[in-house]
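Numbers restart at 1 for each chain; the letters A, B, ... are given by sequence-line order, proteins then strands.
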Amino acid sequence: MKILSKSNLVPFLEGLGLEFKVNAPLYEGQDVLFGDLDSSKLATDFIGKPRLSPKEYSFPQRERLFTFKNNGGVEIEAHLNETKRVIWGIRPCDLYGLKFLDMVYLSDYVDPYYQARRSNTILLGLNCNKAEESCFCSSIGTGPFAREAFDLLFTDLGDVFLVEIGSKAGKKLIEKQANLFTNATSKDEKQAGILEEKSKKTFKTYIDLGKVEAKIAGASSSPVWAEEAAKCILCGGCNWVCPTCYCFNIEDVTSGDKTQRVRYWDSCQLGGFTQMAAMNSRATQAERLRQRIYHKFSYNPDKYGGEIGCTGCGRCIDVCPAGINIAYILRRVAN
Amino acid sequence: MKRVLTTCEFCGCGCNFYLGVEDGKVVAIYPSVSHPISQGRLCIKGWQGHEYIHSPERLTTPLIKKGNRFREASWDEAYELIVDKFNQIRTRYENDSIAVFSSAKCTNEENYLMQKFARACLGTNNVDHCARLCHASTVVGLATTFGSGAMTNSINEIAGAEVIFIIGSNTTEQHPLIGDRVLRAIEKGAKVIVADPRETQLAKLCSLYLMHKPGSDVALLNGMMNAIIAEGLEDKEFIAERTEGFESLKETVADYTPEKSSAITSVPEEKIVEAARIYSRSKKSIIIYSMGITQHTTGVDNVMTTANLAMLTGNVGKEFTGVDPLRGQNNVQGACDVGALPNVFSGYQAVTDEKLRNKFEKAWKVTLPPQPGLTLVEMLNSALEGSLRAMYIMGENPMVSDPDINHVEKSLKALDFLVVQDIFLTETATLADVVLPGVSFAEKDGTFTSTERRIQRVRKAIEPLGDSKPDWKIITELSSRLGYRMDYSSPAEIMDEIAKLTPIYGGVSYSRLESFGLQWPCPSPDHPGTPYLHKGSFTRGLGKFSPADYKTPAELPSHDYPFVLTTGRVGFHYHTGTMTRKDWALEREYPTGYVEVNSQDAKQLGIKNGQTAKVISRRGEISLSLKSVDTIAKGVVFIPFHFAEAAANKLTAANLDPVAKIPEYKVCAVRLEKG
Amino acid sequence: MAIITKVCDEAAGIKTFTLEFKEPEIQKSFDYRPGQFVELTVFGVGEAPISITSSPVNKGYLELTVAAVGKVTRALHLRKEKDVAGLRGPYGNGFPFDEVKGKNILFVGGGIGAAPLRSLINQMFAYRDNFAKISILYGAREPGLLCFIDDLEGWGKTENSEVLLTVDAPDAKWRGNVGVVGSLLPKIDIDIKNTVAFICGPPIMIHFVLLDLLKMGFEEEQIITTMERRMECGVGKCGHCNIGKSYVCLDGPVFSYHQLRELGEDI
């Protein structure tokens, strides 16, 4: 493990900027959003997570896949993005989110667009010393401190960062600017351990994951789905902000004689998601709400060897204009 | 990626979000957690509704009509033709032979310039915009009772209310972030009463639902007031100190016993009394209303009656109370505020008032017409009968949004010359002689004023597409060429001028709008803005009780047209769909129109769910698919008006409120047949 | 890239398109199983999943039978011979073939649902001796919506094979059975224990035929059907066709009734 003094964070990131595109959480007014490194706006002392996860660096909101000319001429131009990128300040929940997306997109038919972006992206995580009100990653086991899925992992010890190395790529980054780092002592690692325990005590939202996993298969006719779905205004926000949501829609956008095939984020909470010519296989909001929860806590774990499809970040709780709360729903399922 | 914080271009909630810009295109949306209204949340239109900005169908050059088709033209060509025609018409006829439609979607600066253009350049007060079709009754009704026609309190007070009475508003669908506050209030234990002929989402979640007959609002509210007075629940202190005209109100509502009220409204007596008790017993009661009560021939009466109810119980002029009209468009409040109305300059200063008119004449250096101009529907009528010869329409689509579309078409076609300025070739633009390409909210700077009187910045994120120009620029260039020079280096400068001439905007300037805007009245540069109105005293001094008697809607069902048609909206599309129907996520939810019919009625008609029905009125007919529901009463049908191919407004009538001139979209008579 | 070499009207609002890949090597190497589908791109409009209705024995071309019900399919119906379209695939799992050799086969099809079944039927008829009795029950809402009339005639004339037709609403010329396709079930005589049933058609038809077959004594593993879901990417990523832990485009669209019951909450 290494130590990076806080005053060396900006030099380190700017040093990375010579070789990579560097993204980090930035203050836009009073909001924290991931953006292109701007040291005057760098957010290092924020609590919780930016409203949108950094999944969009590998899986953008709107992505042009390829362009073709309409006369069927073999003029297909693919738009793979291979920008060499480093993202700093990723919370453990989002690290797990990216690990989950890797599992989905880099298996079976590998998604070349996701792969191009993701394989050129280096992840520098930042542990959470304090939870936000909606956070429940400690119940899922994905936080507040990360255990995996990072190239480097930063812990804020006060004046310095403790830096854990998670991969060869991460190690290389340190080696290239070795003068900024010193070696960590066992005291530093112990302090990190204490901070983690302290952080776990700051959580306000909990779920009993074991009970949920056991009871969920039998909860499909629970009244909770219709009750909660009655408030849903179909904004899709729960999907847009979710670090593990990966559904998308493809549209062909034609202008003149050129057509672009574009991929957009899609939301299973919208009625049109399952609409067919003759019928809609999930016609009620209750079914759609149930699908979202089941997809994360039952279907995906079944398909992907037990990996939960939820990071416990709690963004879906914060973003809902109807106050639909996943932790409350899971508590009802568990009981 | 560049991030630009801007105000949403859809509804009157006034949310803010960041547009993510890459390579000169808008490619992403980020909510603003710190914004006081949005709080990091958005509705589907805010999250996903912006694809239209880069739609290949965007207008990028001026178009001139040749025969039946358009040809691309240069700006010079287009301007010269307009100047030529306008001058011809002005010399041949009088100034009032030209009318201007301003746009509730465009910025305050643009609306201000549009009314200045009409008055100072064209010499006419014939300027109006779609507020005429939605909240004209509010402007008149609340101005009469309170002295100010705007939402009295703020959005963030709603979650703190004890009682919320919602009449004629499908809040969670049409004003989602205000619906958000109502849902939070419910979570905190507030009692919510919903009065609506359709059982909306909120109607299913509220404490007391009243399904009243379309158009029976005065009877319902008078019935409630009758019950309040009968049980001595009125706020006697408030009435004595803060109002006038109580005796006349008492006399009028004495007639509306729960029995009589129930007979007119179809709401059970006990429910009317219960609603009255719940509302009056709290000192933190809010009334929320929207199109459901304004779009009637009795629109002004309806609004005044809600104001009466609030004053009767002392629920206005304090925090967590008030009368909250929810303005539809992103800037319909602003468009009214800056004077895009035929009878007032900016700040609701009457054109007939000599002193006020002189103030504007001095500032604008020109003599101004003293007579109020025509309202929207009157303009179309005048076009048909020949006294109106030309129109300049900006950002409006009357061919889908105005009542009695067949009549609208005839009227517009009767004009000698029509100029339409828009971002797409709308149904109205196809009838124009000249089409000018304006820009979307992402391509210009300016301000929007939300329903809670919050003036907020709209910030330019990308360059205008193709050869299009910001609308404010087009107005200034056209005006200058027509002989009235307009020269502004930026929208900020235009706002400075607005502030100088408009007391309620007196303290507004772009530097003060950086942090989430200001709520007017904001009369001076050091004034912090006003969260709620009528504190201590009403804008007019004492609140005026303005009693109204129940009058029937203009067109009642009859033997040949036995159903009541009420029109409205869905949450996924915006008004005439010009923008939202270019978006896959929104079109996928509602690809076309439909008619909601009570399941028993549908059975009697022999039309199954999903089958085609023909809906016919005295003015036209449309074919669309039938949706069999149990959320609407027998004898009432509902059609959303967004879909030009199944245009609800082909059926509606231009029956107007006598004072506000707002059409009765909510009631007309139709019959249904198998399609 | 594929060229449309033939367009013919199959039924009211339904057309059959014959396509050949532009590149002959791709056409030669393109191998598929009955029951699989391709993603067809109508240039300038969009992409849609269409089941393949020709059989692997038909070399050198592909046939797709398409109803005009959405944006892409409506645009496709306006395309003519020599027009170019995009194809990718084949996707999906396809019907069991070798596994059902030696058995009686019962086909129950409704409307355009017969399209994937036709692919399997013709493949089976090409290897007719491998199968015992083949019964084909087919129906549509009205006579004008019956597809593959020529094939049906040919199948009916083959030995140890029978074809029964029905319509819900007859016209003046109709002489056959009137009623839903399930009404044909009592008219056949098969040894159920040694039979496999393949059902494909509108969801409501499948629902009732399933019940009828179970009542007749079919076991859950003996009933094979195709699952209808909105599919887009065809490769199990976009999420639209997700049911339970499966993707209809990957693990289906062909499922046995037994598998269907285990699939998930919203069947």
Measuring only between side-chain heavy atoms, which start at C-beta, is [X] closer than 4.5 Å to [Y]?
X	Y	value
His295(A)	Cys268(A)	no
Phe273(A)	Cys247(A)	yes
Val182(B)	Thr172(B)	no

When heavy-atom pairs shorter than 4.5 Å are enumerated against chain B, which of [options] gives the highest number?
options	answer
Cys232(A), Gly35(A), Gly272(A), Gly323(A)	Gly272(A)
Gly29(A), Gly271(A), Cys320(A), Cys235(A)	Cys235(A)
Asp36(A), Asn23(A), Leu33(A), Leu26(A)	Leu33(A)
Ile233(A), Leu270(A), Leu52(A), Val32(A)	Leu270(A)

[X] portion near chain A, given a 4.5 angstrom heavy-atom threshold:
X	answer
Glu57(B)	neither
Tyr590(B)	neither
Gln201(B)	side chain
Leu202(B)	neither

Is [X] in contact with chain B via its backbone, its side chain, both, or neither, using a 4.5 Å heavy-atom distance?
X	value
Val241(A)	side chain
Glu56(A)	side chain
Glu251(A)	side chain
Val319(A)	both
Leu234(A)	both
Asp318(A)	backbone

Inset, instruction - Could you tell me whether Glu514(B) and Arg459(B) have a side-chain N and a carboxylate O separated by less than 4.0 Å? - result: yes

Please determine, among [options], the option with the most heavy-atom pairs under 4.5 Å with chain A.
options	value
Gln39(B), Met1(B), Arg3(B)	Arg3(B)
Glu587(B), Glu187(B), Glu51(B)	Glu51(B)
Leu183(B), Leu5(B), Val33(B), Leu42(B)	Val33(B)

Legend entry - Check: Arg198(B) main-chain N/O paired with Glu596(B) side-chain donor or acceptor under 3.5 Å: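 Absent.
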
Legend entry - Side-chain donor or acceptor of Thr202(A) paired with backbone N/O of Ala131(A) under 3.5 Å: yes

Determine, using ring centers only, whether [Y] and [X] are less than 6.0 Å apart.
X	Y	result
Phe59(A)	Tyr105(A)	yes
Tyr574(B)	His642(B)	no
His79(A)	Tyr113(A)	no

Legend entry - Cationic tip of Arg263(A) above Phe248(A) ring, under 6.0 Å, 45° of axis: yes

Inset, instruction - Look at atom NZ of Lys582(B) and say whether more than 12 heavy atoms of other residues, nucleotides or ligands are closer to it than 6.0 Å. - result: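 Check passes, neighbour count above 12.
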
